[in-house]
Asks: 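If you scroll down you'll find the structure; I have some questions about it.
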Amino acid sequence: MSIHNREIADLFDRLADLLEIDGANRFRVRAYRQAAQTIGGLSETLADRVQQGEDLTRLPNIGEGIAKKVATIVETGALPELDALEERLPAELSELMKLSGLGPKRVKALHQDLGVETIEGLRKAIEQHQVREVPGFGAKTEHKLGERLSAWQSEERRTRLIEAEEVARPLIARLHAIDGVNAVEIAGSLRRRQETVGDLDILVTAEPDLPVMDAFTGYEEVGEVVSRGDTRSTVMLRSGIQVDLRLVPRESYGAALHYFTGSKAHNIAVRRMGVERGLKINEYGVFRGEDRVAGRSEEEVYRSVDLPYIEPELREDQGEIDAARGGRLPRLIQIQDIRGDLHAHTDASDGHDRLEAMAEAAAERGYAYLAITDHSRHLTVANGLDAERLADQVDAIDRLNDKLDGRIQVLKAVELDILEDGSLDLPEDILKRLDLRVCSVHDRFDLSRTRQTERILRAMDSPMFNILAHPSGRLIGERAAYQVDLERLIEAAAERGCFLELNAQPKRLDLTDADCRLAKSLGAKVAISTDAHSTANLGYMRFGVDQARRGWLEAADVINTRPVDALRRLLER
DNA sequence: GCCGTTTTCGGCCCGACTGTTTTCAGTCG
């Protein structure tokens with residue numbers, strides 16, 4: 001099996017870590033990190049491209065040297081330069097650098113002076129008060145490191161977007177309530193709508209001398225005040241989420257929002273464009289010499305480097321700057337473009353609400369259609385429907401549609417299990433009575449990549465197959481994706497006139513942003529669906545749309561932006 | 001180590017906060 005992009009990127013990240021500890025040229029270190037970022041963000045499988053003899057130097061941040069190293073990794077699975085370095089420096093030192101407060105210089109000092117090689121070794125050194133004796137360290141640093149070490153090991157996980165929003169909401173409200181505060185904005189990865197966020201970044205603009213920092217560090221959910229200054233403070237909430245607050249004057253709003261939204265790589269790229277134009281871009285504005293020439297709005301910042309506004313979801317330095325420069329930015333899909341939901345359950349299987357209630361709720365959202373997709377018989381834990389019960393539901397939907405009088409169309413559908421041998425869970429005669437069939441894998445996640453891929457491809461061969469639901473099966477932070485060749489599935493879907501679901505459940509968000517880009521590049525269209533198990537769940541649609549935006553999708557790339565007639569035509573195979 | 005409508009060599013984003021320092025290095029975002 002070929003090596004994943006993520007694994008290649010990790011090798012370069014580890015190489016960068018150890019080189020940094022070793023005191024190598026910092027720009028060389030950065031080059032490896034940038035290469036790792038490029039590789040990690042690719043939607044195509046790099047190993048396949050290498051094997052096809054493709055020239056990797058076409059990729060940003062990949063030159064002759066790194067291209068050669070990638071080829072070696074693909075061929076042998078190893079990076080010789082990293083192996084050589086690990087002869088001299090323990091590999092786990094790069095783990096130590098992940099601890100907040102420890103960078104390359106301090107890790108090197110701990111290693112050289114105390115012989116610390118592992119996390120466990122650091123713990124012992126702290127307990128024996130050896131760390132405070134190392135030059136550059138002191139008792140206070142030692143104490144803080146000890147505290148962070150315990151907290152860090154108990155949980156080191158990113159927070160899902162929906163939970164981060166819930167944590168942010170009351171804090172935002174508290175800051176808003178301060179008299180004289182102009183704006184409170186969520187920035188960072190939450191604003192970029194990344195599926196998980198590491199910390200929360202909040203930007204405040206206010207008149208001078210307001211008690212903003214007091215309100216922030218005094219918030220009742222704060223566990224530890226990590227740092228506190230006049231313009232920037234960091235706290236750790238009791239929930240384990242770190243929050244950074246940045247306070248700037250009103251005229252810096254746009255520059256600060258841009259700076260604080262990131263991503264870091266995007267900011268660097270924009271600032272570099274500034275340098276080329278003789279401008280200095282920081283969080284206070286855009287400057288030519290001493291003169292501020294822009295910074296009130298993000299648009300101004302972009303305009304100063306001759307770029308159009310770039311949506312936050314695109315700011316990953318994954319080609320958006322080039323696209324902006326060339327006038328090729330996508331017109332990202334918006335929530336208002338969505339005309340219906342194609343995956344929803346009722347209490348006939350494992351949903352909470354009745355058919356009528358689901359239809360009403362969808363109509364209230366302004367949808368033109370809602371597909372009812374209860375589970376099929378094989379999924380017994382979800383009370384899956386057999387042919388008979390499904391036939392009853394089909395009749396019930398017909399009656400309901402008559403009653404609804406065109407306010408919304410309820411589509412007759414099913415979420416059909418793909419069985420282990422690739423056959424579908426219900427006979428064709430009942431499936432033919434449906435408007436569409438959403439198909440999914442709910443068991444045997446352990447199949448080999450080849451068998452899992454063939455299983456789904458075989459299912460797609462059936463003319464009954466319309467949409468592949470939650471294509472990877474992952475649950476963010478809980479369950480990894482099953483092994484499958486998604487690229488082949490996407491190609492197959494495009495060839496056969498099938499579609500891929502972007503499941504909008506906040507813990508699924510399956511497809512990923514990179515998968516969406518891959519689907520678009522291979523000409524496959526996507527259905528953004530909530531997989532709602534209650535009327536409230538229909539509101540998850542916005543998370544799916546956000547993920548699609550991160551995947552550069554436009555309304556035309558998504559089938560449930562179509563009116564119902566056009567949708568029906570698309571579903572004919 | 002990468003990169004170039006100025007450049008194939010000489011640059012490489014920018015500032016805040018902390019702790020250990022007597023003026024700044026290290027770390028972080």
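The figures here come from the full heavy-atom set of this structure, side chains too, leaving out hydrogens, waters and symmetry mates. Sequence lines set the chain letters: A, B, ... in the order given, protein chains first and strands last, and positions in each chain run from 1.
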Asks: Mind checking A:Val29 for me? I need base, sugar-phosphate or nothing, with any heavy atom below 4.0 Å counting as a touch.
Replies: nothing
Asks: Considering only atom C1', compute the distance from B:dT6 to B:dG11 and round it to an integer number of Å.
Replies: 13 Å
Asks: What's the CZ-P distance between A:Arg228 and B:dT18, to the nearest Å?
Replies: 10 Å
Asks: Closest approach to the side chain of A:Thr231, judged atom by atom: which nucleotide of B:dC17, B:dG29, B:dG1 is it?
Replies: B:dC17
Asks: Could you work out which one of B:dC14, B:dC3, B:dT27 sits closest to the side chain of A:Asn61?
Replies: B:dC3
Asks: Select one nucleotide: of B:dC2, B:dG29, B:dC13, the one nearest the side-chain heavy atoms of A:Phe260.
Replies: B:dG29
Asks: On DNA chain B, nearest-nucleotide positions of A:Arg272 versus A:Ser227: which is more 5'?
Replies: A:Arg272
Asks: Without decimals, in angstroms, what is the distance between A:Glu283 CD and B:dC28 P?
Replies: 18 Å
Asks: Is there a side-chain contact between A:Lys105 and the phosphate of B:dG26, meaning an N or O under 4.0 Å from OP1 or OP2?
Replies: yes
Asks: Taking atom C1' in both B:dC12 and B:dT7, compute the distance separating them and give it to the nearest angstrom.
Replies: 13 Å
Asks: The side chain of A:Ala31 is closest to which nucleotide in this list: B:dG15, B:dC2, B:dG29?
Replies: B:dC2
Asks: Expressed in whole Å, how much space separates the C1' atoms belonging to B:dT18 and B:dT23?
Replies: 15 Å
Asks: Taking B:dC14 as the reference, what is the distance to B:dC9 when you measure between their C1' atoms (whole Å, please)?
Replies: 24 Å
Asks: Using atom CD1 of A:Ile268 as one end and atom C1' of B:dC12 as the other, report the distance to the nearest whole Å.
Replies: 10 Å
Asks: Under a 4.0 Å threshold between the charged nitrogen and the carboxylate oxygen, would A:Asp546 count as salt-bridged to A:Arg192?
Replies: no
Asks: C1' atom, B:dT27 versus B:dT21: distance in rounded Å?
Replies: 16 Å
Asks: What is the distance, to the nearest angstrom, from the NE2 atom on A:His258 to the C1' atom on B:dG29?
Replies: 14 Å
Asks: Hey, does the side chain of A:Thr141 come within less than 4.0 Å of B:dT20's phosphate (OP1/OP2), counting only N and O?
Replies: yes
Asks: Roughly how many Å is it from CE in A:Met273 to C1' in B:dC3, rounded to a whole number?
Replies: 15 Å
Asks: The side chain of A:Arg232 is closest to which nucleotide in this list: B:dC14, B:dC17, B:dG1?
Replies: B:dC17
Asks: Counting the atoms with a prime plus P, OP1 and OP2 as sugar-phosphate, which does A:Gly262 contact under 4.0 Å by heavy atoms, base, sugar-phosphate, or nothing?
Replies: nothing
Asks: Output yes when at least one side-chain N/O atom of A:Arg271 is less than 4.0 Å from OP1 or OP2 of B:dC13, else no.
Replies: no
Asks: Could you tell me the separation between the CZ atom of A:Arg30 and the P atom of B:dC28, rounded to a whole number of Å?
Replies: 17 Å
Asks: Indicate yes or no: does A:Asp557 engage A:Arg517 in a salt bridge with an N to O separation below 4.0 Å.
Replies: no
Asks: Under a 3.5 Å limit for both distances, which nucleotide forms a Watson-Crick or G-U wobble pair with B:dT8, could you say?
Replies: none
Asks: Is any side-chain N or O of A:Gln242 closer than 4.0 Å to OP1 or OP2 of B:dC28?
Replies: no
Asks: Between A:Tyr302 and A:Tyr309, what is the ring plane arrangement, given parallel below 30°, perpendicular above 60°, and tilted in between?
Replies: perpendicular
Asks: For the C1' atoms, the ones on B:dT8 and on B:dC2, what distance do you get once it is rounded to whole angstrom?
Replies: 12 Å
Asks: How is A:Pro60 classified with respect to the nucleic acid when contacts are heavy atoms under 4.0 Å: base, sugar-phosphate, or nothing?
Replies: sugar-phosphate
Asks: By nearest heavy atom, map A:Asp230 and A:Val107 onto DNA chain B; which one lands nearer the 5' end?
Replies: A:Asp230
Asks: When the C1' atoms of B:dT22 and B:dC28 are considered, how many whole Å apart are they?
Replies: 24 Å
Asks: Does a side-chain N or O of A:Lys280 approach OP1 or OP2 of B:dG15 to a distance below 4.0 Å, or not?
Replies: yes
Asks: Check every atom of B:dG1, B:dA16, B:dC28 against the side chain of A:Lys69 and return the nucleotide holding the closest atom.
Replies: B:dG1
Asks: Round to the nearest Å and state the distance from A:Asn267 atom CG to B:dC28 atom C1'.
Replies: 14 Å
Asks: Give a yes/no on whether any side-chain N or O of A:Lys68 is located under 4.0 angstrom from OP1 or OP2 of B:dG1.
Replies: no
Asks: Rounded to the nearest 0.5 Å, how far does CG of A:Leu149 lie from OG of A:Ser100?
Replies: 11.5 Å
Asks: By nearest atom, which of the nucleotides B:dC2, B:dG19, B:dG15 is closest to the A:Ile66 side chain?
Replies: B:dC2
Asks: Does A:Leu99 reach a base, just sugar-phosphate, or nothing at all? Heavy atoms under 4.0 Å.
Replies: sugar-phosphate
Asks: With a 4.0 Å cut-off on heavy atoms, is A:Ala24 in touch with a base, just the backbone sugar-phosphate, or nothing at all?
Replies: nothing
Asks: Identify which nucleotide among B:dC14, B:dG15, B:dT20 has an atom closest to any side-chain atom of A:Lys140, counting heavy atoms from C-beta outward.
Replies: B:dT20
Asks: Going by an N to O cut-off under 4.0 Å, is there a salt bridge joining A:Glu86 and A:Arg14?
Replies: yes
Asks: Using a 4.0 Å heavy-atom cut-off, does A:Glu81 contact any base of the nucleic acid, only the sugar-phosphate backbone, or nothing at all?
Replies: nothing
Asks: Mind checking if A:Thr234 touches a base, just sugar-phosphate, or nothing, with heavy atoms under 4.0 Å?
Replies: nothing
Asks: Does A:Arg106 make a cation-pi contact with A:Phe137 (under 6.0 Å, within 45 degrees of the axis)?
Replies: yes
Asks: Whole angstrom is fine here: how far is it from CD in A:Glu276 over to P in B:dT7?
Replies: 12 Å
Asks: For the pair A:Glu166 and A:Arg160, find out whether any cationic side-chain nitrogen is under 4.0 Å from an anionic carboxylate oxygen.
Replies: no
Asks: Can you tell which of A:Arg550, A:Arg508, A:Arg474, A:Arg158 makes a salt bridge (Lys or Arg N to Asp or Glu O under 4.0 Å) with A:Glu195?
Replies: A:Arg474
Asks: Can you tell me if the side-chain N/O atoms of A:Tyr284 get under 4.0 Å from OP1 or OP2 in B:dA16?
Replies: yes
